[in-house]
Amino acid sequence: MKKVFFSVMAAMLLLPSAAFAKKVSGPATLEVISFNIRMGEGQDGTNSWQFRCPATIYMLRDQQPDIFGLQEAYDYQVQFISDNMPEYKNVGVGREDGKHKGEHMSIFWNKKKIALRKWGTFWLSETPDKPSKGWDAACFRTATWALMKDKRTGHEFYYVNTHLDHVGKTAQKEGLALIVKRIQEINPEGLPMVLTGDFNVSSDDPVLDDLDRMMKSARSSAERTDNLNSFNGWGRDTTSIIDYIYYSGFSSCPQFETVQKKYADRPFISDHYPVKAILIF
């Protein structure tokens, strides 16, 4: 039944619409989104994935990021987006087995604008090169990284997408420390880098201290920005900011936005709002 529903929705959503016209942006800009899509296995009643999945496509067609990172996406959610956004390609693996099982930290990019050079995944644990749970974490946690090339400008850059644990404070601290270490290892040339994710911590949490010393938060550094909650809890939370876009090696960030716009008549497209940044090489 799930496959039939998604097939029907795919056919509907692939219909062209003038409402999704792409806005013009400068050739040296990179438009980035981070989005915790809320896992499709969640028992969320009328907010369940089967009811809100079209709204995700409407959002992506409206925003049209050059590249974006998903958190909590299961195989079929990744496939649904891929089927309905054929101009994008993606990489990522299931965090439970390094293949298909469990949530993916997927990276999507517009294949007309961005090219993939190489990519990989590591686990936020003491054994990062194999599926494993780290420290006091409640769940397996991963980070997906990719070396990309902007076809419009020739600039190469790294993109890292992750989801820190929601329970273990040691896992949050050590997991982010591992990401910082891996960023330094994979990027000795100091190429521009983007890090997106649901960190499950507020912006003043000491967990972010080391990261703040090596990268900039788009939310706090953008010329035009907001301080709106990124986690909404289906309308029950109006204060939590836990989703981030960090960057280094870019000349500036003219805009950051928490995308709280409604799509497809849905009050929420996830229990998180997407966050978006425009970066300039």
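- Proximity of Arg95 to Cys139: side-chain heavy atoms (C-beta onward) are separated by under 4.5 Å at one or more points.
- A side-chain donor-acceptor contact under 3.5 Å links Thr162 to the backbone of Thr142.
- Using a distance-only test at 3.5 Å, with no hydrogens or angles considered, no donor-acceptor pair links the side chain of Asp165 to the main chain of Arg141.
- Arg152 places a side-chain N or O within donor-acceptor distance of the main-chain N or O of Thr29, the cut-off being under 3.5 Å.
- Annotation: side chain of Val201 is in contact with side chain of Lys169 (closest heavy-atom distance under 4.5 Å).
- Under the 4.0 Å criterion applied to side-chain N and carboxylate O atoms, Glu87 and Lys112 are not assigned as salt-bridge partners.
- At least one donor-acceptor pair under 3.5 Å links the side chain of His104 to the backbone N or O of Gly102.
- Geometric assessment of Arg266 against the ring of Phe51 yields a negative cation-pi assignment under the 6.0 Å and 45° thresholds.
- Taking CG from Asp66 and CZ from Phe108, the interatomic distance works out to 15.0 Å, rounded to the nearest 0.5 Å.
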- Task: Starting from the C-alpha separation in whole Å, work towards a yes-or-no answer on salt bridge (Lys or Arg N to Asp or Glu O under 4.0 Å) for Arg38 and Asp44.
- Result: CA-CA 10 Å; Arg38 174 58 178 168; Asp44 297 317; 2.9 Å; yes

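- With a 6.0 Å cutoff to the six-membered ring centre and a 45° limit on the axis angle, Arg182 counts as a cation-pi contact of Phe122.
- For Tyr273 and Phe231, the gap between ring centers reaches or exceeds 6.0 Å.
- Electrostatic pairing of Asp97 and Lys99 does not count as a salt bridge here, judged by no charged N lying under 4.0 Å from a carboxylate O.
- Within 6.0 Å of the NZ atom in Lys151, the count of heavy atoms belonging to other residues, nucleotides or ligands exceeds 12.
- Between Phe35 and Phe68, the ring centre distance reaches or exceeds 6.0 Å.
- Side chains of Thr196 and Asn161: a donor on one and an acceptor on the other come within 3.5 Å.
- Of the charged side-chain nitrogens involved, at least one lies within less than 4.0 Å of a carboxylate oxygen, so that Asp62 and Lys261 count as a salt-bridged pair.
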